[in-house]
Amino acid sequence: PSGATFTADELVLAGIELEIAFRVEQPLPPPEAPDFIDRLRRAVVAVPAIEVVDTRLAFHATCDDLTKLADNQFNAGLVVGAPLTDWQELNLTDPDHTFHASETIISAGAGKVPGGSAFASLAAFAGIVGDHCGGLRPGQYVTTGALSGLHWIDKGRHVSGRIDGLGPVEVVIDG
């Protein structure tokens, strides 16, 4: 939850991304249901999130982009703000946001959600997953891509983000 702390020993590098995420609250409808989208909207809550990114690579600074992409499938954690049940009217395409690492502004203003709409990305993912391996289940989170892009920061920072309508989220990356 928001306010979490990562110790310096827990991370090799410290990367941060501000994202819109959804938490599954109830079993999802089957993708082939004619009212899939409406039922999906009622089955999830929206949350602001900070993805904390790390590396497993000893040579991260000099490796090629595809190796970095594969490595970033392993991230350190997801820090989530308070859930919002009444999110359906929010701008989930290019919401205003602020993102700070201590006093440094990482990103601010209208942020473009990768793929367009955060909810459309969730719906597409839920449709593809369906019931494969049990499907998405209550309590699980789905992130929809960084509003801010990935930013590598020095340890010893208090990271805070706010997404209009969703609210704040923060994490401490100890030095």
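We're numbering straight along the sequence, starting at 1. Bear in mind the structure is a predicted one, so any value in this text is a computation, not a measurement.
For the pair Phe119/Leu122, a side-chain contact is recorded, criterion being any heavy-atom separation below 4.5 Å from C-beta on. Using a 4.5 Å heavy-atom cutoff, the side chains of Glu25 and Thr85 are not in contact. A heavy-atom distance below 4.5 Å is not found between the side chains of Thr93 and Val113. Looking only at side-chain heavy atoms (C-beta outward), Ile105 and Thr98 stay at 4.5 Å or farther from each other. Between Val44 and Trp87 the shortest side-chain heavy-atom distance falls below 4.5 Å. Looking at Leu136 and Phe22, their side chains never come closer than 4.5 Å, going by heavy atoms from C-beta outward. Between Val169 and Ile163, every side-chain heavy-atom pair lies at or beyond the 4.5 Å cut-off. Residues Pro95 and Leu147 have side chains in contact (heavy-atom distance under 4.5 Å, counting atoms from C-beta outward).
Connection of Val159 to Leu11 is established within a shared hydrophobic cluster, with ILVMFWY side chains joined at heavy-atom distances below 4.5 Å, either directly or through further cluster members. Following chains of ILVMFWY side-chain contacts shorter than 4.5 Å, one cannot reach Tyr141 starting from Ile16, and the two form parts of different hydrophobic clusters. Hydrophobic clustering of Ile, Leu, Val, Met, Phe, Trp and Tyr side chains at less than 4.5 Å, counting indirect connections, unites Phe125 with Phe36. Linking Ile, Leu, Val, Met, Phe, Trp and Tyr residues whenever their side-chain heavy atoms come within less than 4.5 Å leaves Ile50 and Leu13 in two separate clusters. Note on Val52: it does not cluster hydrophobically with Val80, by side-chain heavy-atom contacts below 4.5 Å among ILVMFWY residues.
Across Ala82 and Pro48, no two heavy atoms sit closer than the pair O-CD, 3.7 Å. Residues Ala43 and Leu28 come closest through the heavy atom pair CB-CD2, 3.6 Å. When all heavy atoms are compared, the tightest approach of Pro30 to Arg39 is CD-NH2, 4.1 Å. Taking all atoms of both residues into account, the shortest heavy-atom contact from Pro31 to Ala126 is CG-O, 4.0 Å. Between Ser2 and Val79, the shortest heavy-atom distance links the atoms CA-CG1, 3.7 Å. In terms of heavy atoms, Gly175 sits closest to Ala8 at O-CB, 3.4 Å.
Remark: the backbone N or O of Asn75 is not paired with any side-chain donor or acceptor of Asp54 at under 3.5 angstrom. A donor-acceptor distance shorter than 3.5 angstrom exists from the side chain of Gln26 to the backbone of Arg42, with no hydrogens or angles considered.
For the atom pair CG (Leu92) and CD1 (Ile20), the distance works out to 5.0 Å, reported to the nearest 0.5 Å. Here Gln88 contributes atom CD and Arg41 contributes atom CZ; the two are 7.5 Å apart, rounded to the nearest 0.5 Å. Rounding to the nearest 0.5 Å gives a distance of 12.0 Å between CD1 of Ile106 and CD of Glu17. Taking CZ of Arg137 as the reference point, atom CG of Asp131 lies at 11.0 Å (rounded to 0.5 Å). To the nearest 0.5 Å, atoms OG1 (Thr104) and CZ (Arg157) are separated by 4.0 Å. Note that CD1 of Ile153 is 5.5 Å distant from CD1 of Ile173, once rounded to the nearest 0.5 Å.
Atom CD of Glu103 sits in a sparse spot, with 12 or fewer heavy atoms from other residues, nucleotides or ligands closer than 6.0 Å.
For the residue pair Ser148 and His97, no side-chain donor N or O sits within less than 3.5 Å of a side-chain acceptor on the partner.
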